[in-house]
2 protein chains.
Amino acid sequence: MAPKKVKTVEASKTQAKRQHKANAKVATAPAKPRPQTRIQREKQDIILEAALEVFSVHGFRGATIDQIAEVAGMSKPNLLYYFPKKEEIHRRLMSELLVTWLAPLEEMRADGDPFVEIRSYIRRKLEMARDFPRQSRLFANEMLRGAPHIIDMLEVDLKALVDEKAQVLMAWMDQGKISRTDPYHLIFSIWATTQHYADFDVQVRAILGKGRGGEGRFEDAARYLEQLFLHGLTPKAKG
Amino acid sequence: MAPKKVKTVEASKTQAKRQHKANAKVATAPAKPRPQTRIQREKQDIILEAALEVFSVHGFRGATIDQIAEVAGMSKPNLLYYFPKKEEIHRRLMSELLVTWLAPLEEMRADGDPFVEIRSYIRRKLEMARDFPRQSRLFANEMLRGAPHIIDMLEVDLKALVDEKAQVLMAWMDQGKISRTDPYHLIFSIWATTQHYADFDVQVRAILGKGRGGEGRFEDAARYLEQLFLHGLTPKAKG
DNA sequence: CTAACATTTTTCCAACTGGTCAAAAATCTT
DNA sequence: AAGATTTTTGACCAGTTGGAAAAATGTTAG
C-alpha cells in the first residue's frame, strides 16, 4: 500500500526540468524540496569542475559545451540533462566563486595587529592564487568582459565589504599604526599583486625561466610582497 | 615620436588574392612589390581598431568576424578582403601591442636616479592603463589563455629586456640606493598594480562608486602607488 | 519480476561560424 | 569616355554551436 498513489505524472521529462516546473506550480504539496540524489550532486560537481577548466581559459563565449562535456567525460546532451543551459553552469560557477573570493578579506579583523592582519591577508590571497589559479582566471575573465553577470553583486556586496574594511584601515591610520594612505587603493594593490601570479602565470614563468618557475617563486613572491607592503606602510615616526 | 613602422611580410600578404591573380598572369614581371594604397591602409586601421575593441573584451575565440565587421562598419566579406584570416587580424594586433607594451620599461635608464626612474616608470605604465585600456585587456586576455600566440616572444624578447632591467635594479641595490629585494618580483608588482586599473576597471568603478569612478581615481592611484613603492624601497639606513 | 523513475544515448535542428566566389560597383589611368 | 584596376556586395558553403526530442538503458521499490 503506497502512502500516496502516484498521481498522473505530467511530462516525466528530465528531472532538472521537472524540478523547475514542479516547484514552480505545484501548490498542493508543502513546497516539497526535491532531494538531490548523490549521483546528481556528483555529476554536477564533475561538470562544474570541467566547466571551470574551460571557462577559466576561454571565457564564456569562447568556451563550448562540447568541450566542457568532453573534459567532464560525458556526452553533450547528458551534460545538458544536468544543466539545461550553458549560462546556468556559468552562473553557478560565478556565485560559488564570489563567496570563496571574498572570504579572505572578511577575515581581516579590526581588533588584530595591523601589520599581522595585512600580512596574513596578503598571504591568504597569494595562497589562493597558487592553489586556485583557475578560479582567479575565471574571475579575471569576467572582469575583462565588464562583469556582466556579477556587476550587481560587485556594487552591493563587494562594495559593502570593502567599505567596511576601508574603515578598519582608516582607523589604524588614525591611530598612527600604519601610514596614512588611500585604503581603497591599498586593497586594490593587494588584489592586483597577488592575483597576478595566477592570471599572468605564463608571463611569470617565461621570465623567471624553467628553473625559478616552479614552487620557489611563491615563497619569493611572498617575501617580496611582505617587504613591499610593510615597509611601505611603516609610519615614518617609527623609523 | 611614433615608432618606426616596419614593413612586415604580413602586410603584403593582405593583398594575397590580388597578387596571386596578377602574378599568375604576368609571370615575367619581377615580383613587383605593390605599394599599399592610402585606402588600404585606412581600412586596415579601421579594422584593427574594431578588432581591438572586440578581441579585448571577448578574447580570440569569443570574438566573431561579423562582430568586428559590424563595429568597423563594413560587411564581413569586405573585411576578409583586407584580412583573409581572423588569425591574421589578431596577429597584427598582438605584434603591434608587444612593441607598445615593452616601450615604457625600455625607457628606464641605468644612469638616472633610481627613485626618479622607478617613479617615472610607474607613472608611464599607469598612463598606459588609463589611455589604452583595451590594449591592456587584449594583453590580459592573451595571458589568461596561456599566451599561445606570443609565448615565444615572451620567452625571448621580454625575458631579455626584463633580465637587463633586473640587472639595473640590482646594481642600484648594490650601491645602496634602493632596498635589496627581488628585482623580478618588483617589476611584476609594478605591472600588476598599474594594469589592474585597466583590466579590472569595472571592479574599481563598482567599489569607488560613481563619484570617485571618474578621472580623479587615476591621480589617487598614482599618489598611492608612489607612496607604496618609494617608501617600500627606501633603504633603512637612509631613514 | 515489474512499474515508475532516473539516466544516457541517438538523432536531429536552426542559428551561427569562418570563409569562398563571382559579379557588380566604385575608383583610378590614360 | 574607355579601359583597367580596386573595392564592395550578395549568394553561398561546410563545419560548429547550443539545444530539443525521444528512444534506449539503467535503477529501485514493491
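Chain letters run A, B, ... following the sequence lines, proteins first and then strands; every chain starts at 1.
Here A:Phe60 pairs with A:Phe55, A:His90, A:His149 under the ring pair (Phe, Tyr, Trp, His ring centres under 6.0 Å) rule; sequence neighbours left out. Residues forming a side chain to side chain donor-acceptor pair (under 3.5 Å) with B:Gln67 (at least two apart in sequence, or on another chain): A:Arg61.
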Nucleotide N/O to protein N/O under 3.5 Å, stretch nucleotides 14-18 of chain D:
from   : atom 1 : to      : atom 2 : distance (Å)
D:dG18 : OP1    : A:Ala63 : O      : 3.3
D:dG18 : OP1    : A:Ile65 : N      : 3.3
D:dG18 : OP1    : A:Lys86 : NZ     : 3.2
D:dG18 : OP2    : A:Ile65 : N      : 2.9
D:dG18 : N7     : A:Lys76 : NZ     : 2.8

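Straight-line distance from the CD atom of A:Glu42 to the P atom of C:dA6: 17 Å, rounded to whole Å.
Within residues 45-58 of chain A, no residue has a heavy atom under 4.0 Å from DNA chain D.
The side-chain hydrogen bond (donor to acceptor under 3.5 Å, both in side chains) contacts involving residues 158-167 of chain B comprise B:Lys159-B:Asp163, B:Asp163-B:Tyr184, where partners must be two or more places apart or lie in separate chains. A salt bridge (charged side-chain N to carboxylate O under 4.0 Å, His left out) check over residues 69-81 of chain B, counting only residues at least two apart or in different chains, returns the pairs B:Asp66-B:Lys76.
Between A:Asn141 and A:Arg145, the side chains place no donor N or O within less than 3.5 Å of an acceptor N or O (distance only, hydrogens not considered).
In terms of phosphate contacts, A:Tyr82 brings no side-chain nitrogen or oxygen within less than 4.0 Å of OP1 or OP2 of C:dA6. For D:dT7, the OP1/OP2 oxygens have a side-chain nitrogen or oxygen of B:Gln40 closer than 4.0 Å. Distances shorter than 4.0 Å separate none of the side-chain N or O atoms of B:Asn78 from OP1 or OP2 on D:dT7. Distances shown here put every side-chain N or O of A:Ser75 at or beyond 4.0 Å from the OP1 or OP2 atom of C:dT8.
Of the candidate nucleotides C:dC21, D:dT7, D:dA21, C:dC21 has the atom lying nearest to any side-chain atom of B:Pro77.
With rounding to the nearest 0.5 angstrom, the CD1 atom of A:Ile65 is 11.5 Å from the OG atom of A:Ser75. Taken to the nearest 0.5 Å, the CG atom of B:Leu126 stands 12.0 Å off from the CZ atom of B:Arg124.
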